[in-house]
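Position 1 is the first residue of the sequence; numbering continues from there. The figures here come from the full heavy-atom set of this structure, side chains too, leaving out hydrogens, waters and symmetry mates. Given the structure is predicted, the values throughout are model-derived calculations rather than measurements.
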Amino acid sequence: MVETPDGKKKKKLDRYIYDLGSCTFCQLCVTTCPTNALDFSNDFEQAVFTRSKLVKQLNYLPEVPDPEPTPEEKAAAEAAKKARIEAAMKAAAAKKAAAAAAAASQEGAAPAAEAKPE
């Protein structure tokens, strides 16, 4: 997990290891690959004598790190984070007040309902 400058967490792939020994040759990976980097053929390049050699690593170079945000971007992200926190605190306080008001109104209605049958 990598934390972005605006405070959110993001998953980042650092390596992709795949095991051809568990492949069922269903071609789901080929059809869903967005860059068409995978392809099935009838070549026997992957024929090996041991199963351990069927474990491959797809990307050998790590991803290029994201550039550092400018001081203005950092300040804007920090201000947005504070605004989100304040809004969440106000919403929680309003919810708590509404729950207290509902509880108070129910308490006031309960004795009146008990007094009517008498």
Do [X] and [Y] sit in one hydrophobic cluster, given that two such residues count as connected whenever their side-chain heavy atoms are within less than 4.5 Å of each other, even indirectly?
X	Y	result
Tyr16	Leu20	yes
Val30	Tyr18	no
Leu28	Phe40	no

How long is the gap from [atom1] on [X] to [atom2] on [Y], to the nearest 0.5 Å?
X	Y	atom1	atom2	answer
Asn36	Asp39	CG	CG	9.0 Å
Cys33	Leu38	SG	CG	4.5 Å
Glu73	Glu68	CD	CD	10.5 Å
Arg51	Asp19	CZ	CG	7.0 Å

Taking only residues two or more places apart in sequence or in another chain, which ones pass ring pair (Phe, Tyr, Trp, His ring centres under 6.0 Å) with Phe49? none
Apply the test side-chain contact (heavy atoms from CB on, under 4.5 Å) to residues Arg84 and Lys81: give CA-CA distance (whole Å), side-chain angles for both, the deciding distance (0.1 Å), then the verdict. CA-CA 5 Å; Arg84 281 195 309 270; Lys81 185 177 180 180; 4.0 Å; yes
